[in-house]
Q: 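I have a structure I would like to understand better, so I am pasting it below and will then ask my questions one at a time.
Only this structure's heavy atoms are used, side chains among them; waters, hydrogens and symmetry mates stay out. Protein chains get the first letters and strands the later ones, always in sequence-line order, with residue 1 at the start of each.
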Amino acid sequence: MRRHSGRADVTWEVDFLDRSKFGADVAVRLTGLLQEYGAKEYIGSHVPWIAEALAGPELADLVAEVTYKGIYVNVRLVDHWFLAGVQSVIDLAERFGQNDTRCGRAQIVDYSSPNVAKVLHAGHFRSTMIGHVLGNLYEACGAIVYRVNHINDFGGFGFILEGFRRFGPYFPGSLGDNGLLLEIYAIRRTMERAVAAGESLAAVDEGEREILARYFPGASTADELRAAYEKFVGAADERFQKLEEGDADEVALWRRMVEWSLADFQSFYQALDIDIDFVIGESFYLDAGNFVVDEAIGNGIAFELTKQQVCEEVAELDRAVAAEEITAQVRDKSVALLEKDIGAIVVPLPDGERFVVRRSDGRSIYATRDIGAIKLRREIFDPTDITYVVGQEQRVHFTRLFQAARVLGLATATMPTFKHIYFGFYVDADTGRKLSSRESVAGVTELLAAAVRHFRARSAEGGAMTEQELDEAAQQLAVGSVVFNDLKRDMKGSVSIARGDLAPIITDFEKSGGPYVVYSACRARAILRKYGKPVPHLSEIGPFELSDQEALLISRILEFPDKVIKAADEDNPSILVRHLLDIAGVYNSYYASAPVLERGTANKSRLMITRAAQLVLTNGLSLCHVECPPKI
RNA sequence: GCCCCCGUAGCUCAGCCGGAUAGAGCAAGCGACUUCUAAUCGCUAGGCCGCAGGUUCGAGUCCUGCCGGGGGCGCCA
């Protein structure tokens with residue numbers, strides 16, 4: 001193109017087409033020339049020579065026919081090119097889709113991140129699936145991936161330690177170990193709501209009243225409740241301080257409690273068959289965080305926000321109000337935020353905001369530990385990229401954390417890269433409103449179990465399979481369903497989910513496409529199994545002609561590696577998932593119309609295409625953390 | 001108040017760095033199983049791409065404003 005145009009700066013784009021629709025396989029556009037000259041002149045002066053160049057002898061073994069219409073120069077490729085592509089897919093086999101675009105990169109992916117003493121809710125589920133698949137994608141692109149499960153085993157623990165002792169006599173006997181922890185959390189939340197509700201207590205529902213009555217038998221009025229709550233908070237703060245200082249009793253109890261929760265989480269990870277390399281509690285990073293903060297105070301980067309500094313900023317705000325740059329309302333809000341931070345250790349950020357890294361009472365907060373985590377992770381893993389897969393509600397926290405890391409010298413302007421991959425939450429299918437963690441809780445494990453039972457029952461209709469095969473197939477279909485349900489749409493949007501009855505959810509899962517892709521891969525494999533021999537090599541194939549459908553299917557298959565790269569580059573698994581659904585659709589259609597094994601003879605080129613389709617679907621599913629069961 | 005996300009078929013969503021007649025799936029209707037397993041396939045129907053301007057040869061896509069929906073803004077995590 002450059003030679004024909006006589007210019008070195010021409011750029012072009014190539015789009016795959018549907019042969020049955022356009023009679024060609026790819027469209028070529030020289031975008032630079034198009035923009036430079038406009039459509040009219042481009043069509044008149046350039047399109048003809050572009051078509052002529054493409055039809056020239058140099059490309060004769062690739063190009064079968066060139067046509068043009070409007071700004072598009074359409075090229076029909078020779079059938080041999082497609083089948084050669086199929087052969088290369090077969091040669092690469094399990095490696096098809098892998099690439100080296102991220103060679104030399106070491107990426108930390110921080111995902112799942114459950115809270116000890118709280119219930120795993122749907123947000124953790126999304127984080128787990130998205131993070132895991134992103135890790136797979138980065139690996140497929142050649143990166144070394146360190147998967148880290150950052151367990152919140154510290155924040156808010158004062159309440160748990162105190163509650164465990166304070167409410168001991170009132171716990172119902174039926175609660176298990178982890179159940180106790182959840183109960184304490186529920187008590188705390190209930191108290192917060194009750195106190196926030198004030199005198200009326202109108203916002204407190206019946207279940208919450210029951211909790212209040214059980215655990216605070218002496219407090220019946222709003223004032224008494226408030227007093228009881230304040231005593232609870234005070235005692236909890238003391239507990240936390242002792243824990244941080246390493247008090248033997250508190251540490252021992254804390255350790256036991258963490259174990260209870262981890263054991264509970266394990267059933268969730270087992271159900272999803274997820275194994276995260278590094279399970280590290282945030283407590284691990286406490287000392288490193290304090291070290292960084294102390295050092296930063298020492299060299300003046302971080303400092304205690306004093307009353308005087310706040311006064312100066314307030315004065316500036318007052319000036320702005322006087323100059324009518326801001327309203328008094330904005331000023332009051334800002335002042336309130338400023339005053340709240342007096343006494344805390346803060347890191348000033350380039351955008352003028354502050355990042356609080358230590359409370360005024362000297363205790364750590366999660367920011368302290370997150371900073372420590374960055375320091376230790378850099379020392380241990382020397383990562384080029386750190387990616388956090390955490391819900392969108394923490395966007396502000398992470399943008400500040402990343403800025404603070406650079407200000408504190410824990411990272412340079414470009415190394416490592418920090419990314420917060422966020423996602424939407426689950427919403428009520430009827431109301432469109434966000435489900436609270438308490439509502440979405442219920443069910444992650446139960447939902448998956450119900451999905452397994454559903455697919456188990458359907459499989460059983462099929463016939464000759466052993467019990468174990470049935471279990472495995474159902475497990476994979478269930479996992480595939482939930483993964484696809486979560487990952488086929490853009491992550492930033494919310495996922496609506498029906499409440500109560502699980503049946504509609506399961507039905508949605510089945511329709512969501514996971515089983516469709518699994519089943520497609522299984523059909524392809526069934527053909528190959530029946531054939532029973534290695535598929536023929538390209539060199540054994542005589543003269544052949546591809547159908548439009550075959551050309552389309554093959555071009556979709558050959559696009560797969562690019563989709564893997566794109567999904568990794570955009571940190572967006574849905575790009576991969578949708579492409580798999582697309583391939584599965586084209587393949588199923590092909591499967592229905594083009595028999596491979598017929599009247600005892602095998603169609604060689606179709607066998608090759610079937611093998612390539614099976615490989616691309618299996619490899620793609622594997623990236624999505626779904627394995628194809630041997631039988632279905 | 002500030003910030004973020006969303007608005008495309010009855011429903012759930014795709015739609016690339018702006019490019020051919022805006023696509024799938026579900027739901028609805030019709031048709032196809034002694035077959036490489038029908039968890040499938042084929043066909044039909046269904047659209048002021050929220051509204052109004054602007055940029056452009058060309059806008060669902062980019063810009064501005066408006067309307068509507070959801071969310072986030074702790075010395076919690």
Side-chain angles (χ1 to χ4, degrees), chain A residues 13 15 17 21-22 27 29 31 34-35 37-43 69-72 74 113 115 118 152 154-156 159 192 282 305 326-327 329-330 332-334 337 340-346 356-370 390-397 422 424-425 427 429 432-434 455 458-459 461-463 477 488-490 492-496 507-508 510-513 515-516 518-520 522-531 566 570 574-575 578 581-582 585 588-598 602 606-607 610 631-632:
Chain A
E13 283 179 13
D15 299 318
L17 301 176
K21 213 163 159 186
F22 296 100
R29 267 181 303 146
T31 41
L34 179 55
Q35 266 154 26
Y37 294 104
K40 205 169 172 186
E41 192 174 345
Y42 178 78
I43 292 168
K69 181 185 175 189
I71 63 168
Y72 295 95
N74 292 341
S113 328
N115 302 324
K118 285 200 212 171
N152 164 27
F154 217 62
F159 286 94
E192 282 175 359
E282 63 169 333
L305 192 69
I326 58 172
T327 65
Q329 232 177 349
V330 171
D332 292 347
K333 205 101 183 200
S334 306
L337 287 172
K340 206 182 267 183
D341 288 352
I342 292 174
I345 303 297
V346 299
V356 176
V357 293
R358 181 179 285 164
R359 287 169 42 146
S360 55
D361 60 10
R363 285 165 30 198
S364 71
I365 55 172
Y366 71 127
T368 322
R369 279 134 14 210
D370 277 353
V390 182
Q392 63 174 7
E393 66 278 6
Q394 293 196 41
R395 288 188 71 180
V396 175
H397 169 66
Y422 58 93
F425 20 65
V427 299
R433 290 186 175 276
K434 182 187 176 185
F455 288 110
R458 292 208 54 160
S459 246
E461 297 167 12
L477 286 167
K488 74 176 177 181
R489 77 200 83 219
D490 191 273
K492 291 181 180 64
S494 50
V495 176
S496 67
T507 314
D508 277 354
E510 192 171 351
K511 288 170 191 159
S512 69
Y516 181 77
V518 170
Y519 186 64
S520 307
C522 288
R523 303 176 110 179
R525 195 168 40 201
I527 294 174
L528 298 168
R529 193 190 300 129
K530 185 167 179 184
Y531 178 63
K566 192 176 173 191
E570 295 185 15
S574 73
I575 291 169
R578 280 198 290 263
L581 285 166
D582 194 6
N588 275 324
S589 174
Y590 173 63
Y591 172 92
S593 68
V596 178
L597 310 173
E598 215 175 8
R606 287 180 185 174
L607 268 172
T610 301
K631 284 187 193 169
I632 195 162

Q: Nucleotides 25-36 of chain B: which of its N/O atoms have a protein N/O under 3.5 Å away?
A:
residue, atom, partner, partner atom, Å
B/rC36, O2, A/Val596, N, 3.4
B/rC36, O2, A/Leu597, N, 3.1
B/rC36, N3, A/Val596, N, 3.0
B/rC36, N4, A/Tyr591, O, 2.5
B/rC36, N4, A/Ala594, O, 3.1

Q: Applying side chain to side chain contact (heavy atoms under 4.5 Å, CB included), can you list everything that pairs with A/Glu570, at least two apart in sequence or on another chain?
A: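 By the side chain to side chain contact (heavy atoms under 4.5 Å, CB included) rule, A/Glu570 matches A/Lys566, A/Asn572, A/Ile575.
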Q: I'd like a table of atom pairs between the protein and nucleotides 4-9 of chain B - only N or O on both sides, under 3.5 Å - with the distance next to each one.
A:
residue, atom, partner, partner atom, Å
B/rC4, O2', A/Arg395, NH1, 2.4

Q: Can you tell me how far CD1 of A/Ile71 sits from OH of A/Tyr42, rounded to the nearest 0.5 angstrom?
A: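 A/Tyr42 atom OH to A/Ile71 atom CD1 measures 7.0 Å (nearest 0.5 Å).
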Q: Which whole-number value in Å describes the distance from A/Asp582 CG to B/rA24 P?
A: 10 Å
Q: What distance, rounded to whole Å, do you find between the two C1' atoms, one in B/rG7 and one in B/rU61?
A: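 After rounding to an integer number of Å, I get 14 Å for this pair.
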Q: Quick check for you: to the nearest 0.5 Å, what is the distance between A/Leu607 atom CG and A/Ile527 atom CD1?
A: 8.0 Å
Q: Calculate, to the nearest 0.5 Å, the distance between atoms CZ and CG belonging to A/Arg578 and A/Asp490 respectively.
A: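 One gets 7.0 Å once the value is rounded to the nearest 0.5 Å.
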Q: Under a 90° cut-off about 0 for the syn range, is B/rC49 syn or anti?
A: anti
Q: Distance check needed: B/rU55 C1' versus A/Gln35 CD, whole Å only.
A: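 From A/Gln35 CD to B/rU55 C1': 14 Å.
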Q: Hey, which sits more toward the 5' end of RNA chain B by its nearest nucleotide, A/Val396 or A/Lys69?
A: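 Mapping each residue to its closest nucleotide by heavy atoms, the 5'-most match is A/Lys69.
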Q: Can you see if the side chain of A/Tyr516 gets near the phosphate of B/rC41 - specifically, an N or O under 4.0 Å from OP1 or OP2?
A: yes
Q: Check A/Ser574 against A/Lys488 and note the closest heavy-atom contact, atom names and distance.
A: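 Minimum heavy-atom contact is CB-O, 3.7 Å.
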Q: Among all residues two or more places apart in sequence or in another chain, which pass the side-chain hydrogen bond (donor to acceptor under 3.5 Å, both in side chains) test with A/Arg523?
A: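 A/Asn588.
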Q: Whole Å only: how far is the CG atom of A/Asp15 from the P atom of B/rC16?
A: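 One finds 11 Å between P of B/rC16 and CG of A/Asp15, rounded.
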Q: Taking atom C1' of B/rC17 as reference, at what distance in whole Å does atom CG of A/Leu34 sit?
A: 13 Å
Q: Students often get this wrong, so: under 4.0 angstrom with heavy atoms, is A/Leu17 touching a base, only sugar-phosphate, or nothing?
A: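 A/Leu17: base contact, heavy atoms under 4.0 Å.
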Q: Let me know the distance between CD1 of A/Ile43 and P of B/rC57, rounded to the nearest Å.
A: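 So the CD1-P distance, A/Ile43 to B/rC57, works out to 14 Å.
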Q: Figure out the CD1/C1' separation between A/Ile575 and B/rC16, and round it to whole Å.
A: 9 Å
Q: Judged by each residue's nearest nucleotide on RNA chain B, which is more toward the 5′ side, A/Ser589 or A/Cys522?
A: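 Nearer the 5' end of the strand: A/Cys522.
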Q: A/Asp370 near the nucleic acid: base, sugar-phosphate alone, or nothing, with a heavy-atom cut-off under 4.0 Å?
A: nothing
Q: How far, in whole Å, is B/rA59 from B/rA52 if one measures between their C1' atoms?
A: 15 Å
Q: How would you label the contact of A/Leu477 with the nucleic acid (heavy atoms, under 4.0 Å): base, sugar-phosphate, or nothing?
A: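 A/Leu477: base contact, heavy atoms under 4.0 Å.
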Q: In whole angstrom, give me the gap between the P atoms of B/rG60 and B/rC16.
A: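 Roughly 12 Å separates the two P atoms.
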Q: Are OP1 or OP2 of B/rU40 and a side-chain N or O of A/Ser520 less than 4.0 angstrom apart?
A: no
Q: So which heavy atom on A/Val356 is nearest to which on A/Ala367, and how close?
A: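 Result for this residue pair: O-CB, 3.4 Å.
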Q: Measuring only the C1' atom in each nucleotide, how far is B/rA24 from B/rC49? A whole number of Å is fine.
A: 16 Å
Q: Would a 4.5 Å heavy-atom cut-off, applied to side chains only, mark A/Asp370 and A/His397 as touching?
A: yes
Q: Considering residues at least two apart in sequence or located in another chain, which fulfil the side-chain hydrogen bond (donor to acceptor under 3.5 Å, both in side chains) criterion with A/Tyr519?
A: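 With neighbours one apart ignored, the set is empty.
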Q: What integer number of Å spans the P atoms of B/rG46 and B/rU64?
A: 37 Å
Q: Over how many whole Å does the gap from A/Arg29 atom CZ to B/rC17 atom C1' extend?
A: 10 Å
Q: Quick one: label A/Ala524 by what it contacts on the DNA or RNA (base, sugar-phosphate, nothing), any heavy atom closer than 4.0 Å.
A: nothing
Q: B/rG25 and B/rA14: how far apart are their P atoms, nearest whole angstrom?
A: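 Rounded to whole Å, the distance is 16 Å.
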Q: Not counting sequence neighbours, which residues clear ring-ring contact (aromatic ring centres under 6.0 Å, His included) with A/Tyr37? List them please.
A: A/His46
Q: Going from CZ on A/Arg358 to OG1 on A/Thr368, what distance comes out if it is rounded to the nearest 0.5 angstrom?
A: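 One gets 7.0 Å once the value is rounded to the nearest 0.5 Å.
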Q: What are the atom names and distances for every N/O pair under 3.5 Å that joins the protein to nucleotides 75-77 of chain B?
A:
residue, atom, partner, partner atom, Å
B/rC75, OP2, A/Asp341, OD1, 3.0
B/rC75, O2, A/Ser360, N, 2.7
B/rC75, O2, A/Ser360, OG, 3.3
B/rC75, N3, A/Ser360, N, 3.2
B/rC75, N3, A/Ser360, OG, 2.4
B/rC75, N4, A/Lys340, O, 3.0
B/rC75, N4, A/Ile342, O, 2.5
B/rC75, N4, A/Ser360, OG, 3.4
B/rC76, OP1, A/Arg359, NH1, 3.1
B/rC76, OP2, A/Arg359, NH1, 2.9
B/rA77, OP1, A/Arg369, NH2, 2.7
B/rA77, OP2, A/Tyr366, N, 2.8
B/rA77, O3', A/Asn152, OD1, 3.1
B/rA77, O3', A/Asn152, ND2, 3.2
B/rA77, O3', A/Glu282, OE2, 3.2
B/rA77, O2', A/Asn115, OD1, 3.2
B/rA77, O2', A/Asn152, ND2, 3.4
B/rA77, N7, A/Tyr366, OH, 2.6
B/rA77, N6, A/Tyr366, OH, 2.2
B/rA77, N3, A/Gln394, NE2, 3.4

Q: Can you tell me, in whole Å, how much space there is between the C1' of B/rC3 and that of B/rC11?
A: 31 Å
Q: When rounded to the nearest Å, what value does the distance between P atoms of B/rA9 and B/rC36 take?
A: 42 Å
Q: Would the base of B/rA20 count as contacting A/Asn74 through its side chain, where contact means a donor and an acceptor less than 3.5 Å apart?
A: yes
Q: Which residues satisfy the ring-ring contact (aromatic ring centres under 6.0 Å, His included) test with A/Tyr590, sequence neighbours excluded?
A: none
Q: Convert the base pairs of RNA chain B into dot-bracket notation, remembering that pairs crossing earlier ones are written with [ ] and that bases paired across to another strand are shown as |; include only Watson-Crick or G-U pairs under 3.5 Å.
A: (((((((..((((.....[...)))).(((((.......))))).....(((((..]....))))))))))))....
Q: By side-chain hydrogen bond (donor to acceptor under 3.5 Å, both in side chains), which residues pair with A/Glu13, not counting sequence neighbours?
A: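 Counting only residues at least two positions away or on another chain, A/Glu13 forms a side-chain hydrogen bond (donor to acceptor under 3.5 Å, both in side chains) with A/Arg29.
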Q: Sequence neighbours excluded, which residues qualify as side-chain hydrogen bond (donor to acceptor under 3.5 Å, both in side chains) partners of A/Ser589?
A: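 side-chain hydrogen bond (donor to acceptor under 3.5 Å, both in side chains) check on A/Ser589 returns A/Gln549.
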Q: Restricting to side chain to side chain contact (heavy atoms under 4.5 Å, CB included), what partner residues turn up for A/Ile342, sequence neighbours left out?
A: A/Lys307, A/Val310, A/Glu339
